[in-house]
Every structure is written in structure tokens, then in C-alpha cells.
Chemist: 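Take this structure, written in C-alpha cells, and hold onto it; I'll ask about it next.
As the structure is a prediction and not an experimental result, all values here were calculated from the model.
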Amino acid sequence: MNKFLYAIVIILCMCSYSHAVQDTSNKDENSPHTILIAYFSLSGNTKLIAQDIQQATGGDLFEIRPASAYGPDFDTTLERAREELRTRARPELKERVPDMEKYDVVFLGFPNWVGTMPMAVFSFLEQHDFRGKTIVPFCTHGTSGISRTIEDLKALGLQARIREHIDFYRNDVKGATEPVRNWLRKLGYLN
């Protein structure tokens, strides 16, 4: 009988140990997300939204910057943007996110250029591994709205979950703090 009780105690201890090890290896669904706010901004509008998101979530900011700056004026930038879109260019970037693997949620900000994301944003997306991550898009624009930016993002096949976007007309960016917070609250990312 003692051997039988001893065996049961050993089995229960092993089960408890196995369960404890299993629990520490899995991330708690209620634990906070590790957030990156990656954005491309030429005029500063998208940067303002990115900063609002950073303040509301506590995430890390990363500016997507091409190695060769756009400009010096709007017409030159537009001409280059059209040529990059026509040739499906992937401009070289100044830097990459060095520790992308630590983020599970990436807010992705960009202006709508010629109906889609700037090609520098495509470069950023193709240079990083998004498998298993959540991408939350935000967009600024003139009069063209979100256009086909979300479809183009999904077509990249990043193996990431893409959440509901938000977009702002350029003249509404300065008053966007409350709509940004409402959007983040709805998505469950408000700090």
C-alpha cells in the first residue's frame, strides 16, 4: 500500500511540475502587447498621428526613412513617387528595426501616395519578418482616402493579422487625438 501511495504522490508531483513548466512557456493572453509604431511621413501629418498612438499605447516609435530623401518640393516628390510606383521600386532605407522579433503588434503609418503606400513602406514591409504579428494600419491623405492601400498591404502575403485601419484627411490631423484614442480603445490597445 505504501508503494502505491508513494507512486501516486510521485505522479502528482510530476504532473504539477509539467503544468508549471507549460504555464511559464505560454504568453498570457491578458499580458500587455509589445508595440512598435513604424511610420513614413514627409509633411509631418503621419508623424503627428504616430506620436498620438505612441502616447496612448506606450509603444516604440520607428521612422521609415529612405536613404535618398524625397523632395525638394511637392512636384519633385510626386514625380518620384509616380516613377517608383510605375517601376515597383523598393527604395533603400536608412535603417531597419534591429529587434523586430520582440514586437507582436506593429502600427504601420503612411500617407496615401498615388493611391497606395509609398514604395519606401513596401521596402520596410519586405525587409522585416511579420509572420504571426498583428499589423494595425493608419493613413493620412489629401482627398483620396485610404484608396487601395489595405488591399496592397494584404497582397504582400506577410502572414500577419491585419486589424482595422484609421485614416485622416490632412486638414483633420491636428485634431485627431480623440478619434485616435477612440480607435485604440475599440481595438483594445489604449494604455
Side-chain angles (χ1 to χ4, degrees), residues 33-82 84-85 89-100 102-103 105-128 130 133-147 149-150 152-153 160 162-187 189-191:
H33 297 283
T34 307
I35 295 174
L36 175 70
I37 302 110
Y39 69 94
F40 175 89
S41 188
L42 186 68
S43 68
N45 287 334
T46 308
K47 180 177 183 175
L48 287 174
I49 302 298
Q51 290 171 334
D52 279 348
I53 294 168
Q54 194 279 328
Q55 289 173 358
T57 64
D60 297 333
L61 281 174
F62 178 83
E63 184 174 4
I64 301 167
R65 297 178 301 158
S68 172
Y70 290 91
D73 56 45
F74 178 77
D75 290 334
T76 306
T77 298
L78 184 59
E79 183 179 314
R80 178 174 163 190
R82 286 183 175 143
E84 287 179 350
L85 178 61
R90 297 299 188 260
E92 182 181 339
L93 301 179
K94 284 192 175 185
E95 60 191 337
R96 295 173 52 127
V97 178
D99 51 358
M100 184 63 127
K102 83 176 191 180
Y103 299 103
V105 176
V106 179
F107 284 84
L108 180 67
F110 48 85
N112 178 344
W113 277 12
V114 200
T116 192
M117 299 175 288
M119 294 296 109
V121 175
F122 283 91
S123 295
F124 171 79
L125 291 166
E126 292 173 356
Q127 290 177 8
H128 294 87
F130 286 89
K133 297 186 185 303
T134 298
I135 298 175
V136 189
F138 60 100
C139 176
T140 57
H141 56 85
T143 56
S144 54
I146 197 78
S147 296
T149 59
I150 303 304
D152 290 346
L153 174 60
I162 299 174
R163 299 285 312 264
E164 180 184 331
H165 73 275
I166 195 168
D167 63 280
F168 291 97
Y169 176 62
R170 67 176 168 237
N171 293 343
D172 297 334
V173 166
K174 290 193 171 131
T177 300
E178 194 56 34
V180 165
R181 283 183 168 29
N182 290 338
W183 170 65
L184 293 170
R185 187 176 297 111
K186 179 181 173 186
L187 295 178
Y189 295 119
L190 190 62
N191 203 5

Chemist: Rounded to the nearest 0.5 Å, what separation is found between the CG atom of Leu125 and the CG atom of Leu108?
Modeler: 5.0 Å

Chemist: Restricting to non-hydrogen atoms, name the atom on Asp52 and the atom on Arg181 that form the minimum distance, rounded to 0.1 Å.
Modeler: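 Smallest interatomic distance, heavy atoms only, reads O-NH1, 3.8 Å.
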
Chemist: Roughly how far, to the nearest 0.5 Å, is the OG1 atom of Thr149 from the NE2 atom of His165?
Modeler: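 Those atoms lie 7.0 Å apart.
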
Chemist: How long is the span from the CG atom in Leu93 to the CZ atom in Arg65, to the nearest 0.5 Å?
Modeler: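 One finds 10.0 Å between CG of Leu93 and CZ of Arg65.
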
Chemist: Going through the distances and angles, do Arg170 and His141 end up as a side chain to side chain contact (heavy atoms under 4.5 Å, CB included)?
Modeler: CA-CA 6 Å; Arg170 67 176 168 237; His141 56 85; over 6 Å; no

Chemist: Mind checking whether Val105 and Lys133 have side chains closer than 4.5 Å, heavy atoms only?
Modeler: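 No, side chains not in contact.
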
Chemist: Is there a side-chain contact between Thr77 and Trp113 (heavy atoms, below 4.5 Å)?
Modeler: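 Sidechains of Trp113 and Thr77: in contact.
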
Chemist: Can you check whether Phe62 reaches Tyr103 side chain to side chain, under 4.5 Å on heavy atoms?
Modeler: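 Side chain of Phe62 against side chain of Tyr103, heavy atoms only: no contact under 4.5 Å found.
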
Chemist: Verify, without hydrogens or angle tests, whether Arg96 (side chain) and Gln127 (backbone) share a donor-acceptor contact under 3.5 angstrom.
Modeler: yes

Chemist: Using the rule given for ring pair (Phe, Tyr, Trp, His ring centres under 6.0 Å), can you reason through Phe168 versus Trp183, listing the C-alpha separation, both sets of side-chain angles and the distance that settles it, and then say yes or no?
Modeler: CA-CA 12 Å; Phe168 291 97; Trp183 170 65; 8.1 Å; no

Chemist: Run the side-chain hydrogen bond (donor to acceptor under 3.5 Å, both in side chains) test on Thr116 and Asp152 for me, step by step, so that the C-alpha distance in whole Å, both residues' side-chain angles and the decisive distance to 0.1 Å come before the verdict.
Modeler: CA-CA 7 Å; Thr116 192; Asp152 290 346; 2.5 Å; yes

Chemist: Kindly compute the distance separating OG1 (Thr134) from NE2 (His33), expressed to the nearest 0.5 Å.
Modeler: 7.0 Å

Chemist: Run Tyr39 and Val121 through side chain to side chain contact (heavy atoms under 4.5 Å, CB included) and show every step you take.
Modeler: CA-CA 8 Å; Tyr39 69 94; Val121 175; over 6 Å; no

Chemist: Go through the steps to decide whether Thr76 and Asp73 satisfy the test side-chain hydrogen bond (donor to acceptor under 3.5 Å, both in side chains), and finish with yes or no.
Modeler: CA-CA 5 Å; Thr76 306; Asp73 56 45; 2.7 Å; yes

Chemist: Distance-only, no hydrogens or angles: does the Lys102 side chain make a donor-acceptor pair with backbone N or O of Thr34 under 3.5 Å?
Modeler: no

Chemist: How far apart are the C-alpha atoms of Tyr189 and Phe107, what are their side-chain angles, what is the distance that settles it, and do they pass the ring pair (Phe, Tyr, Trp, His ring centres under 6.0 Å) test?
Modeler: CA-CA 10 Å; Tyr189 295 119; Phe107 284 84; 5.5 Å; yes

Chemist: Atom CG of Asn191 and atom CG of Leu184: how far apart are they, to the nearest 0.5 Å?
Modeler: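 If we round to the nearest 0.5 Å, Asn191:CG and Leu184:CG are 10.0 Å apart.
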
Chemist: Could you tell me whether Glu63 and Lys47 have a side-chain N and a carboxylate O separated by less than 4.0 Å?
Modeler: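 No, Glu63 and Lys47 are not salt-bridged.
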
Chemist: Counting only heavy atoms not in Phe74, do more than 12 fall under 6.0 Å of its CZ?
Modeler: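 For Phe74, atom CZ is not crowded (no more than 12 foreign heavy atoms under 6.0 Å).
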
Chemist: Do you know which two heavy atoms are closest between Pro179 and Ala176, and how far apart they sit?
Modeler: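 For Pro179 and Ala176, the tightest heavy-atom pair comes out as CD-O, 3.1 Å.
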
Chemist: Does any N or O in the side chain of Thr57 come within less than 3.5 Å of the main-chain N or O of Gly59, such that one atom is a donor and the other an acceptor?
Modeler: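 Answer holds: yes.
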
Chemist: For the residue pair Tyr70 / Glu84, report whether a side-chain donor-acceptor contact shorter than 3.5 Å exists.
Modeler: yes

Chemist: Side chain to side chain contact (heavy atoms under 4.5 Å, CB included) between Phe138 and Asp167: does it pass, once the steps are laid out?
Modeler: CA-CA 6 Å; Phe138 60 100; Asp167 63 280; over 6 Å; no

Chemist: Between Thr46 and Thr140, is the side-chain hydrogen bond (donor to acceptor under 3.5 Å, both in side chains) condition met? List the steps.
Modeler: CA-CA 6 Å; Thr46 308; Thr140 57; 2.6 Å; yes

Chemist: If I take atom CZ from residue Phe130 and atom CG from residue Leu153, how far apart are they, to the nearest 0.5 angstrom?
Modeler: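 Result: 9.0 Å between the selected atoms.
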
Chemist: Check the side chains of Ser144 and Asn112 for a donor-acceptor pair under 3.5 angstrom, ignoring hydrogens and angles.
Modeler: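 Present: a donor and an acceptor within the cut-off.
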
Chemist: Go through it in stages, so that I can follow the logic: the residues are Thr177 and Gln55, the test is side chain to side chain contact (heavy atoms under 4.5 Å, CB included), and I'd like the CA-CA distance, side-chain angles, deciding distance and then a yes or no.
Modeler: CA-CA 10 Å; Thr177 300; Gln55 289 173 358; over 6 Å; no

Chemist: Which atoms form the tightest heavy-atom contact between Ile53 and Ile37, and what is the distance?
Modeler: CG2-CG1, 3.7 Å

Chemist: Minimum heavy-atom separation for Ser147 to Gly115, with atom names?
Modeler: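 Closest approach of Ser147 to Gly115, heavy atoms only: CB-O, 3.3 Å.
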
Chemist: For a quick test of reading the model, state the closest non-hydrogen atom pair linking Pro111 to Pro118 and the distance between them.
Modeler: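 Nearest heavy atoms, Pro111 then Pro118: O-CD, 3.2 Å.
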
Chemist: Surrounding CD of Glu79 (heavy atoms of other residues, nucleotides or ligands, distance under 6.0 Å), is the total greater than 12?
Modeler: no

Chemist: Do the non-hydrogen side-chain atoms of Val173 and Ile49 ever get within less than 4.5 Å of each other?
Modeler: yes

Chemist: Considering non-hydrogen atoms only, spot the tightest contact between Pro66 and Arg80 and give its length.
Modeler: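 In terms of heavy atoms, the two residues are closest at CB-NH2, 4.4 Å.
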
Chemist: When the ring planes of His128 and Phe124 are compared, do they come out parallel, tilted or perpendicular, using 30° and 60° as the limits?
Modeler: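 Judged by the thresholds at 30° and 60°, the geometry between His128 and Phe124 is tilted.
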
